[in-house]
Amino acid sequence: MELAYYSDYAVRLVNTEEPARGKDTLTSVEAVRDLFGANQSAARRATDADVTRFRSVRARLRSVFDAADGGDETLAVDLLNSLLLEFPVSPQISGHDFRDDDGRPLWHMHLADHPSNATAGYAAIAAMGLAFHLTEYGVDRLGLCEASPCRNAYLDTSTNRSRRYCSDRCATRANVAAYRARKRLEADRPESTGRADDSAQPTTASGDRRPEPRGR
């Protein structure tokens, strides 16, 4: 499996909640199982008790993104290290589903399912995937969407570290809002300029504006 696949575990879990909108989709064991995607053997181990445990891990993972987004690099690393210590991974060499032209396995590192419970297994993979991403690309590649009130988590893999939004939809919404704000500012500017020009014209003692002198 690729590094991006593991780090996406963390993003998927964090984004089950949108605090600013009061939305939370992590409300049932079925929602927990959906987070595992194709890893159905691990998903089947999930029980109702995992809903509460997943929410706890979610809050801790969001804290990592919050710290990174706020520029506190040391705090982000410390928070992630605490998750790695609590939920250790079990790496294995695997060759399933990947073959070369001669039919031989393409050996690669695989994070094995955690034997204790669904939460421990998911948290271990999510934390390790996020750690891979952080050490490979930098803490500033862990972001929170700037399109208020979204604040969904995302991983920046752009070549110039330019990503600011979690999705194209949020990027479009933010750009439209900025465009409309500029248009409102431009529409207000002529009115204020016109009033200033009018008031600058000389007046007579009665308050009437003096006519502009004709050119000679």
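Computed from a predicted model, the values in this text were never measured in an experiment. One-based numbering along the sequence shown.
A distance of 11.0 Å separates CG in Leu80 from CG in Leu75, rounded to the nearest 0.5 Å. From Asn152, atom CG reaches atom CZ of Arg62 across 7.0 Å, with rounding to the nearest 0.5 Å. One finds the OH atom of Tyr137 at 10.5 Å from the OG atom of Ser158 (value rounded to the nearest 0.5 Å). Ile125 contributes atom CD1, which lies 12.5 Å from atom CZ of Phe87 (distance to the nearest 0.5 angstrom). The distance from the CG atom of Leu144 to the CZ atom of Arg164 is 13.5 Å, given to the nearest 0.5 Å.
Cluster annotation: Tyr165 and Leu155 are assigned to distinct hydrophobic clusters (Ile/Leu/Val/Met/Phe/Trp/Tyr, side-chain heavy-atom contacts under 4.5 Å, transitive). With hydrophobic clusters built from ILVMFWY side chains whose heavy atoms lie under 4.5 angstrom apart, Val57 does not share a cluster with Val29.
Nearest heavy atom pair, residue Asp24 against residue Leu26, reads OD1-N, 2.9 Å. Nearest heavy-atom pair across Ala118 and Ala42 is CB-O, 4.3 Å. Across Arg173 and Cys150, no two heavy atoms sit closer than the pair NH2-CB, 4.1 Å. Of all the heavy atoms in Arg12 and Gly37, the pair that sits closest is NH2-N, 4.4 Å. Residues Leu79 and Ser63 come closest through the heavy atom pair CD1-O, 3.6 Å. Shown here for Val32 and Phe36, the closest heavy-atom pair between the two residues is O-CD1, 3.5 Å.
Between the side chain of Asp50 and the backbone N or O of Thr47, at least one donor-acceptor pair lies under 3.5 Å. Judged purely by atom type and a 3.5 angstrom limit, Tyr154 uses its side chain to pair as donor or acceptor with the backbone of Arg163. A distance-only check finds no donor-acceptor pair linking the side chain of Thr16 to the backbone of Thr25 [under 3.5 Å]. The backbone N or O of His133 lies less than 3.5 Å from no partner atom in the side chain of Arg141, so there is not a single donor-acceptor pair. A distance-only check finds no donor-acceptor pair linking the side chain of Ser56 to the backbone of Thr52 [under 3.5 Å]. Asn15 places a side-chain N or O within donor-acceptor distance of the main-chain N or O of Ala153, the cut-off being under 3.5 Å.
Atom CD of Glu18 has more than 12 neighbouring heavy atoms from other residues, nucleotides or ligands inside a 6.0 Å radius.
Contact check for Arg58 versus Leu61: no side-chain heavy atoms found under the 4.5 Å cut-off. By the 4.5 Å heavy-atom criterion applied to side chains, Met128 and Pro88 are not counted as neighbours.
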Given the rule in the side-chain contact (heavy atoms from CB on, under 4.5 Å) test, do Arg151 and Cys166 qualify, once you have shown the distances and angles that lead to the verdict? CA-CA 8 Å; Arg151 304 301 284 168; Cys166 68; over 6 Å; no
I would like to know whether Thr172 and Val176 meet side-chain contact (heavy atoms from CB on, under 4.5 Å); could you show each step before the answer? CA-CA 6 Å; Thr172 300; Val176 169; 4.3 Å; yes
Check the pair Val139 / Leu142 against side-chain contact (heavy atoms from CB on, under 4.5 Å), numbers first and verdict last. CA-CA 6 Å; Val139 177; Leu142 278 59; 5.5 Å; no
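Between Tyr122 and Phe54, the ring planes lie tilted relative to each other; the angle falls in the 30° to 60° range.
Judged purely by distance below 3.5 Å, without hydrogens or angles, the side chains of Asn39 and Ser41 pair a donor atom with an acceptor atom.
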